[in-house]
Amino acid sequence: MGKGSTSRRPPALIVEESAARSVQRGHPWVYREAILGDLTQHPTGTTAELRRPDGTFLARALLDPRSPLAARVLTLDPRDTNEEEIVLRRLRAAISLRSQLLADQETTAYRLSNGEGDGLPGMVIDRYERWSVLRADGAAALAFAERHGPRIEKALTEVGVTSVTLRPRDGTPRAWLGEEAPASVIALEHGMKMHVDLLHGQKTGAFLDQRENRRRVRGLAKGRRTLNLFSYAGGFSVAAALGGALEVTSVDIASSGHGTAQHTFRANGLDPGAHRFVTADVFAFLNAALQRKERWDLVICDPPSFAPNERARTRAMVTYRRLHEACLAVLSPGGILCAASCSSHITPDDFLTTIPNSPGLRVAEIHGQPADHPVTPAWIEGRYLKFVVCLLTGT
Ligand code: SAH
């Protein structure tokens with residue numbers, strides 16, 4: 001420990017003018033090409049001082065010399081020199097924000113730190129009851145998290161979290177701080193129980209960003225035959241069933257999520273035998289359903305990101321449009337389509353253009369991510385989630 005302290009003078013690097021302005025406005029990232037000079041001499045995760053072209057202080061940031069995203073801003077305040085103190089302060093502020101905006105005994109699964117959105121570069125921490133998973137976004141973020149283990153443990157212990165599983169973005173998950181987490185934990189989301197696999201589940205085990213949208217689906221589902229596409233561990237499926245859906249069909253190309261989904265149905269007092277779990281490619285499934293004229297009254301479509309980077313954007317737009325056309329083709333009159341996208345490269349306005357202008361189709365609600373996924377105003381990439389509720393009216 002102590003590597004993050006101030007005793008050694010940090011390297012100073014000049015950032016090109018327009019990138020410097022963007023950092024000044026609050027954007028948390030600097031790309032490799034905007035930093036002058038060779039970075040490779042600096043170890044990954046080093047805290048460096050970024051300077052404007054005129055040599056004045058701009059920010060203190062974590063370096064990731066081998067990544068295109070070469071610097072992640074830690075602070076814009078030149079007086080903020082004690083990294084250990086910054087981390088503890090930011091963690092406590094993040095935790096306090098959740099207790100103000102999310103105070104709810106019925107929700108024990110939520111995001112404690114949203115990385116840059118909480119001033120903690122690349123450090124995502126999701127809480128599931130007394131267990132937590134830290135997801136480090138890249139090598140610098142991993143080094144940063146590892147050297148601040150004691151601060152993380154302290155802040156989390158203060159609010160009753162007793163375990164941290166570490167999940168590097170490109171590495172093997174492992175038990176890290178406190179007690180080792182069990183293979184599967186049950187956590188609550190607005191009273192709905194969820195089985196979560198902290199070690200092997202996607203991301204940190206569950207997609208907590210959809211919590212309020214799952215609640216919305218619960219409110220919309222009564223009496224509706226429901227189709228949940230890209231269902232993974234069945235969060236939307238269980239929400240719909242709890243809301244009184246007649247029958248829920250969950251479709252995913254991977255069968256592993258269906259097992260977890262069935263556990264979650266049972267944990268909520270629902271009989272999975274009354275519902276359908278289909279392992280199939282969504283496009284092929286929709287095609288076949290259309291052929292046999294099967295229809296649903298509520299369709300939820302929450303695919304993986306089709307545009308993981310800017311280059312994939314145009315193709316992704318075409319895929320979203322094709323997918324939404326296929327969803328509408330199996331929607332009954334009076335039906336509801338909930339269409340989601342988790343790609344930061346597709347703006348909400350772009351996303352709306354992928355919903356076909358079918359006769360009688362109305363966009364009724366546009367939602368995003370919940371309060372435990374905050375962003376700074378300038379961090380547009382952090383505002384990635386879109387969830388659009390459309391009604392197919394009679395006219
Ligand atoms: N809606 C889920 C999260 C979806 S994650 C939730 O609320 O938790 C994306 C899922 O899409 C993954 O489980 C993945 O297996 C599945 N998937 C990816 N491509 C697919 C395809 N072509 N057809 C069906 N499922 C697919």
Side-chain angles (χ1 to χ4, degrees), residues 107 109-111 126 128 133 135 184 187-190 192-198 200-218 220-221 226-243 245 248-265 267-268 275-289 298-308 312 315-316 318-327 330 337-343 346 367-370 372-373 384-389:
T107 300
Y110 53 91
R111 180 153 292 190
D126 283 350
Y128 300 96
V133 178
R135 190 163 180 277
S184 170
L188 289 177
E189 184 177 282
H190 295 304
M192 176 176 105
K193 292 187 179 124
M194 292 194 306
H195 271 277
V196 186
D197 180 340
L198 306 183
H200 308 106
Q202 294 191 38
K203 305 282 178 183
T204 66
F207 292 91
L208 299 179
D209 52 359
Q210 293 282 23
R211 181 181 50 254
E212 303 309 316
N213 301 328
R214 281 190 280 265
R215 169 145 86 168
R216 187 70 191 109
V217 161
R218 189 170 171 172
L220 291 169
T226 298
L227 176 62
N228 181 17
L229 302 170
F230 309 95
S231 55
Y232 179 48
F236 280 113
S237 304
V238 175
L242 282 175
V248 184
T249 300
S250 304
V251 182
D252 200 288
I253 203 157
S255 60
S256 53
H258 293 326
T260 312
Q262 288 163 2
H263 282 308
T264 294
F265 268 85
N268 287 283
H275 302 277
R276 282 162 68 197
F277 300 87
V278 181
T279 303
D281 168 66
V282 158
F283 293 91
F285 173 88
L286 288 173
N287 219 349
L298 172 60
V299 175
I300 301 134
C301 179
D302 178 28
S305 174
F306 292 145
R315 258 226 339 259
V318 173
T319 310
Y320 281 118
R321 200 162 293 133
R322 194 155 67 85
L323 184 58
H324 296 151
E325 273 163 12
C327 288
V330 300
L337 168 65
C338 298
S341 159
C342 61
S343 169
I346 310 276
H367 302 287
Q369 59 213 55
D372 55 338
H373 289 61
Y384 59 92
L385 191 65
K386 288 130 324 252
F387 186 83
V388 176
V389 180

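Not measured: the values here are computed from a predicted model. Side chains are part of it too, since the values below use all heavy atoms of this structure and drop only hydrogens, waters and symmetry mates. Both counts, for ligands and for their atoms, begin at 1 and track the order of listing.
- Counting heavy atoms from C-beta on, the side chains of Val133 and Val196 never come closer than 4.5 Å.
- When side chains are defined from C-beta on, Arg214 does not count as touching Ile300, because their heavy atoms never get closer than 4.5 Å.
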Taking a 3.5 Å cut-off between nitrogen or oxygen atoms, can you list every pair linking ligand 1 to the protein, with distances?
from: ligand 1; atom 1: 1 (N); to: Phe230; atom 2: O; distance (Å): 3.1
from: ligand 1; atom 1: 1 (N); to: Asp302; atom 2: OD2; distance (Å): 2.7
from: ligand 1; atom 1: 7 (O); to: Arg214; atom 2: NH1; distance (Å): 3.2
from: ligand 1; atom 1: 13 (O); to: Gln202; atom 2: NE2; distance (Å): 3.1
from: ligand 1; atom 1: 13 (O); to: Asp252; atom 2: OD1; distance (Å): 3.4
from: ligand 1; atom 1: 13 (O); to: Asp252; atom 2: OD2; distance (Å): 2.7
from: ligand 1; atom 1: 15 (O); to: Asp252; atom 2: OD1; distance (Å): 2.6
from: ligand 1; atom 1: 22 (N); to: Asp281; atom 2: OD1; distance (Å): 2.7
from: ligand 1; atom 1: 23 (N); to: Val282; atom 2: N; distance (Å): 2.9
from: ligand 1; atom 1: 25 (N); to: Ile253; atom 2: N; distance (Å): 3.0

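- In this structure, His275 has no side-chain hydrogen bond (donor to acceptor under 3.5 Å, both in side chains) partners at least two apart in sequence or on a different chain.
- Applying the side-chain hydrogen bond (donor to acceptor under 3.5 Å, both in side chains) test to Ser237 and every residue at least two apart in sequence or in another chain returns Asn228, Ser250.
- For Arg322 and Phe283, the positive end sits near the middle of the six-membered ring, less than 6.0 Å away and at most 45° from its axis.
- For Arg111, the salt bridge (charged side-chain N to carboxylate O under 4.0 Å, His left out) partners are Asp126, not counting sequence neighbours.
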